[in-house]
Chemist: 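Pasting a structure below so you can have a look.
Predicted model only: the values in this text are computed from it and were never measured. Just so you know, these numbers use all the heavy atoms, side chains as well, and skip hydrogens, waters and symmetry mates.
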Amino acid sequence: MNCSSVVMTPSFSMWGEAQPGLFLQPVWDYVLSKEHIIRSPFYPVLFSFTVYMAFCLPYLALDILCLRIPALKKYQVQPKSRPTLAMVLHCLAHTVYSHLVFIFPLSVAYWYWRPVQLPSLAPELHRVVLDIIACMLLFDFQYFAWHLLHHKVPWLYKTFHKTHHKYTATFALATQYSSAWEMLSLGFFANVSPVMLGCHPLTEMAIFIIHIYLSVEDHCGYDFAWSTHRLVPFGLCGGPGHHDLHHQKFVWNYAPYFTHWDKLFNTLARQTSKEPQD
């Protein structure tokens, strides 16, 4: 899964007449104070890369600390596996290349085609929450269908998706290790959902940050008591072990975040889970 290569392109002028969201207005006012940065054609690719690396770095630090503090291994999904320096540098180089060669030109084209328009009013908090949930559910379906198809059709798997399965033990920087087609397809899904739902640009920013965080968490290789799947009840979310098992076995757990589509299509498998550690 690689939905973290998302390009943020807020452009929804329809919100100019919306009712003000008093709770979020100070946050939005701060964002507006940086409008000159947001309007830059360089902003989307820098935003994407910076947020991605910010979420990856803590897990890379943990990978190093695990060598010196064996007690940390109890949190690892695959304690006997660890990324080498060569693997980390290879994935980092691939990420930089993808952002420069693919994401940057497309984000500039989109910037030219749909200039950024930022409304003066913030959205209501409840609308933000509902839009985030709706976009995450919509993306989850889009990616599940794309992912299942690219596993069931051998040509699609070998041509486009096999790259992402190079590493059977996941680690943070492997999140964006994928083909250009996969990266751009998932970026399109992540962008089109807020457009379809008419989300406020502030909501877009939140959605993209959540996308990047969850996809990095899914690949991080660590299962903590505060991992998202442990905070969301009833087994609704998969989590790092869920996606790591997909990288090991290939034939289970196709949905990126939630578990309902895998349950419905009988493609859900659960890794033998450890008790959550405090």
Side-chain angles (χ1 to χ4, degrees), residues 1-6 45-100 103 147 161-179 182-183 186 208-232 237-250 252-253 255-257 269-278:
M1 178 181 61
N2 170 26
C3 36
S4 60
S5 54
V6 171
V45 69
L46 290 175
F47 175 87
S48 174
F49 183 78
T50 301
V51 174
Y52 175 65
M53 290 305 301
F55 287 138
C56 285
L57 286 174
Y59 294 114
L60 296 177
L62 278 174
D63 291 334
I64 296 173
L65 289 174
C66 278
L67 300 176
R68 299 180 177 273
I69 308 175
L72 290 174
K73 287 187 175 294
K74 66 184 178 182
Y75 299 107
Q76 290 184 305
V77 177
Q78 294 192 50
K80 296 182 180 180
S81 300
R82 68 178 184 86
T84 64
L85 179 60
M87 292 163 61
V88 169
L89 293 177
H90 181 65
C91 287
L92 178 60
H94 182 87
T95 297
V96 172
Y97 174 83
S98 297
H99 277 75
L100 290 176
I103 296 179
H147 199 188
H161 188 52
K162 186 177 180 179
T163 301
H164 187 61
H165 279 277
K166 177 180 177 68
Y167 302 105
T168 55
T170 55
F171 60 98
L173 276 177
T175 306
Q176 289 194 0
Y177 192 81
S178 61
S179 68
E182 178 167 352
M183 176 189 65
L186 303 189
F208 296 143
I209 291 171
I210 292 170
H211 271 312
I212 295 172
Y213 172 75
L214 289 178
S215 44
V216 170
E217 184 188 54
D218 272 357
H219 291 84
C220 72
Y222 293 88
D223 188 357
F224 295 109
W226 57 85
S227 294
T228 304
H229 72 290
R230 296 195 183 279
L231 300 178
V232 177
C237 291
H242 173 91
H243 193 66
D244 189 87
L245 186 60
H246 172 75
H247 275 257
Q248 291 182 61
K249 304 297 184 182
F250 296 0
W252 308 103
N253 303 347
Y257 305 142
R270 296 191 182 277
Q271 201 165 38
T272 303
S273 60
K274 304 178 247 183
E275 290 297 317
Q277 305 289 338
D278 297 322

Chemist: A side-chain contact here means heavy atoms from C-beta on lying under 4.5 Å apart; do Cys66 and Gln76 qualify?
Modeler: yes
Chemist: Testing the basics here: between Ile212 and Ser48, what is the closest heavy-atom pair and its distance to 0.1 Å?
Modeler: CD1-O, 4.2 Å
Chemist: Any side-chain heavy-atom pair from Asp218 and Tyr257 closer than 4.5 angstrom?
Modeler: yes
Chemist: First locate atom CD1 of Ile69, then atom CG of Leu62, and finally report the distance between them rounded to the nearest 0.5 Å.
Modeler: 9.0 Å
Chemist: Does the side chain of Trp252 come within less than 4.5 Å of His246's, by heavy atoms?
Modeler: no
Chemist: Can you name the closest pair of heavy atoms from Glu217 and Pro240 and give their distance?
Modeler: O-CG, 3.3 Å
Chemist: Between Tyr222 and Asp63, does the side-chain contact (heavy atoms from CB on, under 4.5 Å) criterion hold? Intermediate values first, please.
Modeler: CA-CA 10 Å; Tyr222 293 88; Asp63 291 334; 2.6 Å; yes
Chemist: So, the side chain of Tyr59 versus the backbone of Leu173: is there a donor-acceptor pair under 3.5 Å, distance only?
Modeler: no
Chemist: What's the spacing between Ser81 OG and Met87 CE if we round to 0.5 Å?
Modeler: 8.0 Å
Chemist: I want to check something: taking the side chain as every heavy atom from C-beta on, are Gln176 and Cys91 in contact at a cut-off of under 4.5 Å?
Modeler: no
Chemist: Do Phe47 and Ile209 have side chains that approach each other closer than 4.5 Å (heavy atoms only, starting at C-beta)?
Modeler: yes
Chemist: Using the test side chain to side chain contact (heavy atoms under 4.5 Å, CB included), find all partners of Thr170 that sit at least two apart in sequence or belong to another chain.
Modeler: His219, Asp244, His247
Chemist: Do Phe49 and Ile103 touch side chain to side chain, with heavy atoms closer than 4.5 Å?
Modeler: no
Chemist: Going from CE on Met53 to CG on Leu60, what distance comes out if it is rounded to the nearest 0.5 angstrom?
Modeler: 6.5 Å
Chemist: Does the side chain of Phe55 come within less than 4.5 Å of Thr175's, by heavy atoms?
Modeler: no
Chemist: With heavy-atom distances below 4.5 Å as the criterion, would you say the side chains of His211 and Leu186 are in contact?
Modeler: no
Chemist: Quick check: closest heavy atoms across Pro83 and Val88, and the distance to 0.1 Å?
Modeler: CB-CG2, 4.1 Å
Chemist: Counting distance only, does the side-chain N/O of His94 pair as donor-acceptor with the main-chain N or O of His90 below 3.5 Å?
Modeler: no
Chemist: Atom OG in Ser178, atom NZ in Lys162: separation rounded to 0.5 Å?
Modeler: 15.5 Å
Chemist: Is it true that Tyr75 and Phe224 have ring centroids separated by less than 6.0 Å?
Modeler: yes
Chemist: Between NE2 of His164 and NZ of Lys166, what distance do you get to the nearest 0.5 Å?
Modeler: 13.0 Å
Chemist: Can any side-chain N or O of Gln78 pair as donor or acceptor with the backbone N or O of Thr168 at less than 3.5 Å?
Modeler: yes
Chemist: With side-chain hydrogen bond (donor to acceptor under 3.5 Å, both in side chains) as the test, would you mind laying out the steps for Glu182 and Thr163 before giving the verdict?
Modeler: CA-CA 9 Å; Glu182 178 167 352; Thr163 301; over 6 Å; no
Chemist: Rounded to the nearest 0.5 Å, what separation is found between the NE2 atom of His229 and the CG atom of Leu214?
Modeler: 12.0 Å
Chemist: Quick check: closest heavy atoms across Leu231 and Trp226, and the distance to 0.1 Å?
Modeler: CD1-O, 3.3 Å
